[in-house]
Amino acid sequence: MNRDPFEDLQDWGKVLETMEQMKRDCCLDDNQNGLIRILRYTRNWRLRESALEYAALLKKPGAEIVSAVLEMLEDGKLYCDARILAANALGAMAVQLTKSDGRPRGGPVNLILEKMRMLLNSPEPPVLHDAIRKSAAAIDAKDAR
C-alpha cells in the first residue's frame, strides 16, 4: 500500500475528489491506509460516509480496513446511517474476500459474520438489522456458489 495521498482531511472537497479519482484509476486497493485514516476521522461525516462507500469497492480488502469498518458497525454511539453503510461495506468486502482466496469462508469473513450475528441478537434499530441481514445474505449466497 502507498503513502496516504489524502493529506489534509479538513480540505474535504479535495479528499472527495481524490477518492473519486482513485476509483476511476482503479487504485483504491493501493490506498487502504488512507481510507482507514478517513474512517477514523470523526470530524467530517461526509468523508466517513464516502470512505465507507469506496471501501465497499475494494477488490482485496485488508484486515486493517475490515477491522476499521467493523468498529464503525459496532459503535452504538455512531448514527444509524453510517452503521448501515458499514454493514453494506462489510458485506461487499466479505464477498470480495471469498472471491480472492477461493475458500468459502476465511478468518475475516467468519469474523464479519460473527459480529453481524451478535448485532442481530442485540437491541438495535430495525433498519440496521435489515441492512445486516441483507449483507449476511449476500455473503451466504456467495458461499453457496
Side-chain angles (χ1 to χ4, degrees), residues 1-7 9 12 15-145:
M1 283 179 246
N2 298 335
R3 67 170 188 81
D4 182 355
F6 298 110
E7 299 173 5
L9 297 182
W12 60 270
V15 174
L16 292 172
E17 289 173 11
T18 302
M19 282 191 282
E20 183 58 30
Q21 185 63 47
M22 287 177 181
K23 175 185 166 190
R24 285 193 299 270
D25 294 344
C26 299
C27 64
L28 285 169
D29 280 275
D30 297 330
N31 293 284
Q32 292 184 41
N33 287 336
L35 290 174
I36 293 166
R37 186 169 146 244
I38 295 168
L39 292 171
R40 293 185 172 145
Y41 183 68
T42 59
R43 294 185 193 164
N44 190 312
W45 62 270
R46 185 169 298 159
L47 287 180
R48 292 181 90 194
E49 286 184 5
S50 293
L52 286 168
E53 291 169 359
Y54 288 110
L57 303 175
L58 294 171
K59 301 295 180 211
K60 294 183 179 183
E64 297 86 7
I65 198 157
V66 169
S67 177
V69 177
L70 272 171
E71 287 172 19
M72 291 181 75
L73 177 65
E74 294 179 298
D75 184 353
K77 294 179 182 168
L78 187 62
Y79 60 100
C80 194
D81 287 344
R83 295 176 75 196
I84 290 168
L85 288 171
N88 296 340
L90 286 165
M93 289 192 292
V95 167
Q96 288 301 321
L97 287 166
T98 58
K99 265 188 200 177
S100 64
D101 67 12
R103 292 179 291 156
R105 287 201 179 140
V109 177
N110 284 337
L111 178 63
I112 291 168
L113 287 169
E114 176 186 323
K115 299 290 185 174
M116 286 181 169
R117 285 188 192 106
M118 286 174 50
L119 286 169
L120 287 172
N121 290 320
S122 65
E124 297 288 351
V127 68
L128 179 60
H129 278 174
D130 291 344
I132 292 170
R133 278 190 205 96
K134 182 179 175 185
S135 291
I139 298 166
D140 287 335
K142 173 62 181 152
D143 279 353
R145 293 182 205 158

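Residue numbers count from 1 along this sequence.
With 3.5 Å as the limit, one finds no donor-acceptor pair spanning the side chains of Asn110 and Glu114.
Across all their heavy atoms, Leu35 and Tyr54 have their closest contact at CD2-CB, 4.4 Å. A pairwise comparison of heavy atoms in Arg83 and Gly76 identifies NH1-CA, 3.7 Å as the closest pair. A pairwise comparison of heavy atoms in Asp29 and Pro61 identifies OD1-N, 4.1 Å as the closest pair. The heavy-atom pair separating Ala89 from Leu52 by the smallest distance is CB-O, 3.5 Å. Summarising the geometry of Leu73 relative to Ala86, their closest heavy-atom pair is N-CB, 3.9 Å, with the distance given to 0.1 Å. Contact between Leu128 and Glu124 at its shortest, heavy atoms only, is CD2-OE1, 3.8 Å.
One N or O on the side chain of His129 and one on the backbone of Ser122 form a donor-acceptor pair closer than 3.5 Å. Judged by distance alone, the side chain of Gln32 and the main-chain N or O of Gly62 form a donor-acceptor pair under 3.5 Å. Side-chain atoms of Arg48 never come within 3.5 Å of backbone atoms of Thr42 as a donor-acceptor pair (strictly under, hydrogens ignored).
Remark: Ile84 CD1 to Glu49 CD distance equals 10.0 Å, nearest 0.5 Å. Interatomic distance, CD1 of Ile112 versus CG of Leu97, reported as 6.0 Å (0.5 Å rounding). The CG atom of Leu58 sits 8.5 Å away from the CD atom of Gln96 when rounded to the nearest 0.5 Å. To the nearest 0.5 Å, atoms CG (Leu16) and CZ (Phe6) are separated by 9.5 Å. Residue Arg133 holds its CZ atom at 11.5 Å from CG of Leu119, rounded to the nearest 0.5 Å. If you take NZ on Lys134 and CD1 on Ile139, they are separated by 13.0 Å, rounding to the nearest 0.5 Å.
Between Leu9 and Arg43 there is no side-chain heavy-atom pair separated by less than 4.5 Å. Annotation: side chain of Leu78 is in contact with side chain of Met72 (closest heavy-atom distance under 4.5 Å). In this structure, Glu71 and Arg40 have side chains that are in contact, with non-hydrogen atoms separated by less than 4.5 Å. Looking at Ser50 and Leu47, their side chains never come closer than 4.5 Å, going by heavy atoms from C-beta outward. Ser135 has its side chain out of reach of Leu90: every pair of non-hydrogen atoms, C-beta onward, lies at least 4.5 Å apart. Under the 4.5 Å side-chain criterion, counting only non-hydrogen atoms from C-beta, Ile38 is in contact with Met19. Here the side chains of Pro108 and Met93 are not in contact, with every heavy-atom distance at 4.5 Å or above. Between Leu39 and Ile65 the shortest side-chain heavy-atom distance falls below 4.5 Å.
Contacts of Arg37 classified as side chain to side chain donor-acceptor pair (under 3.5 Å), with partners at least two apart in sequence or in another chain: Asp4.
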